[in-house]
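So the structure is just underneath, and the comments pick up after that.
Whatever order the structure lists them in is the order used to number ligands and atoms, beginning at 1.
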Amino acid sequence: MTGHNEDIANHIADYLKKNKQEVTLEQLVDTDAYDLPDYDAVVVATYTYHDGDLPDEAEDFYEDLKDVDLKRTKFAVVGSSSKSHIHYGRAVDYFTMQLNSSNGDQAADSVKVDQEADEDDFKRIDQMADYVIKSLQ
Ligand SMILES: Cc1cc2nc3c(=O)[nH]c(=O)nc-3n(C[C@H](O)[C@H](O)[C@H](O)COP(=O)(O)O)c2cc1C
């Protein structure tokens, strides 16, 4: 909506590339959940909408995840949302639960960011990415 998660996703992609990882960056609405087992790791960045719901454009991806076996895939979840809402960052929690239910191996604690990521948030995000890299070694 306002580019907060796009900024985070671009930052993570750049950080991973700088650390010699091969990265595919896609919008959730264009991502086929059935392709995820082909990747060593997936990082989902999501906002939260409609009183603690997933973004509309993430729903097909989320539903398809229920049929996917991620036993060989590491994952991490991050999301910019807003502390001014009761269900702060609930979509991050939903994705974390679903990726675990799909047998994914959680490489790092999920990271919630209040609105636009600041310097401290990017430090937490880099740390999350470090754990993802470490999980692949
Ligand atoms: C109509 C509306 C509903 C929202 N509902 C929630 C919510 O329930 N929980 C939450 O944590 N944030 C909520 N947000 C905040 C957004 O998730 C937040 O602004 C986020 O940074 C937007 O990310 P984006 O710029 O990547 O789209 C809502 C925002 C709007 C405009």
Side-chain angles (χ1 to χ4, degrees):
M1 293 189 297
T2 43
H4 295 157
N5 286 284
E6 194 177 350
D7 287 348
I8 291 170
N10 285 328
H11 175 92
I12 295 171
D14 289 346
Y15 187 86
L16 291 172
K17 282 183 203 161
K18 253 188 255 157
N19 284 279
K20 311 213 175 347
Q21 306 298 312
E22 195 182 321
V23 178
T24 303
L25 182 59
E26 284 182 0
Q27 299 215 28
L28 279 179
V29 71
D30 298 324
T31 304
D32 188 340
Y34 294 98
D35 289 341
L36 290 193
D38 297 340
Y39 291 86
D40 296 317
V42 57
V43 180
V44 173
T46 178
Y47 66 95
T48 299
Y49 206 54
H50 299 313
D51 282 339
D53 261 349
L54 297 168
D56 290 343
E57 58 270 45
E59 274 185 11
D60 288 347
F61 175 79
Y62 183 87
E63 284 304 311
D64 289 346
L65 272 181
K66 295 178 180 171
D67 300 326
V68 175
D69 187 354
L70 295 177
K71 63 174 176 282
R72 275 184 287 275
T73 308
K74 316 288 182 194
F75 77 85
V77 185
V78 58
S80 161
S81 40
S82 170
K83 276 190 175 163
S84 65
H85 292 262
I86 303 171
H87 305 291
Y88 174 49
R90 191 60 68 83
V92 171
D93 302 329
Y94 286 139
F95 268 113
T96 304
M97 284 189 285
Q98 186 50 54
L99 288 159
N100 270 304
S101 296
S102 301
N103 277 330
D105 187 1
Q106 187 167 359
D109 287 344
S110 299
V111 175
K112 292 185 184 181
V113 173
D114 187 22
Q115 296 291 2
E116 192 175 359
D118 63 18
E119 204 179 311
D120 283 347
D121 294 320
F122 281 122
K123 275 190 203 149
R124 294 190 297 135
I125 290 166
D126 290 350
Q127 208 170 35
M128 183 192 82
D130 286 337
Y131 277 115
V132 173
I133 294 167
K134 212 188 264 182
S135 76
L136 298 173
Q137 288 162 353

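Proximity of Leu70 to Pro37: side-chain heavy atoms (C-beta onward) are separated by under 4.5 Å at one or more points.
Residue pairs meeting the side-chain hydrogen bond (donor to acceptor under 3.5 Å, both in side chains) criterion with at least one partner in residues 13-24, sequence neighbours excluded, are Tyr15-Asp130.
Checked for salt-bridge contact, Arg124 and Asp121 meet the test: a charged N lies under 4.0 Å from a carboxylate O.
Protein residues having a heavy atom under 4.0 Å from any atom of ligand 1 are Met1, Thr2, Gly3, His4, Asn5, Tyr47, Thr48, Tyr49, His50, Asp51, Gly52, Ser80, Ser81, Ser82, His85, His87, Tyr88, Gly89, Gln115, listed by chain and number.
The local environment of CD in Gln27 is sparse, with at most 12 non-hydrogen atoms from other residues, nucleotides or ligands closer than 6.0 Å.
Below 30°, between 30° and 60°, or above 60°: for Phe61 and Phe95 the angle between ring planes is between 30° and 60°, a tilted geometry.
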The test is salt bridge (charged side-chain N to carboxylate O under 4.0 Å, His left out); show your working for Asp51 and Arg90 and say whether it passes.
CA-CA 9 Å; Asp51 282 339; Arg90 191 60 68 83; over 6 Å; no

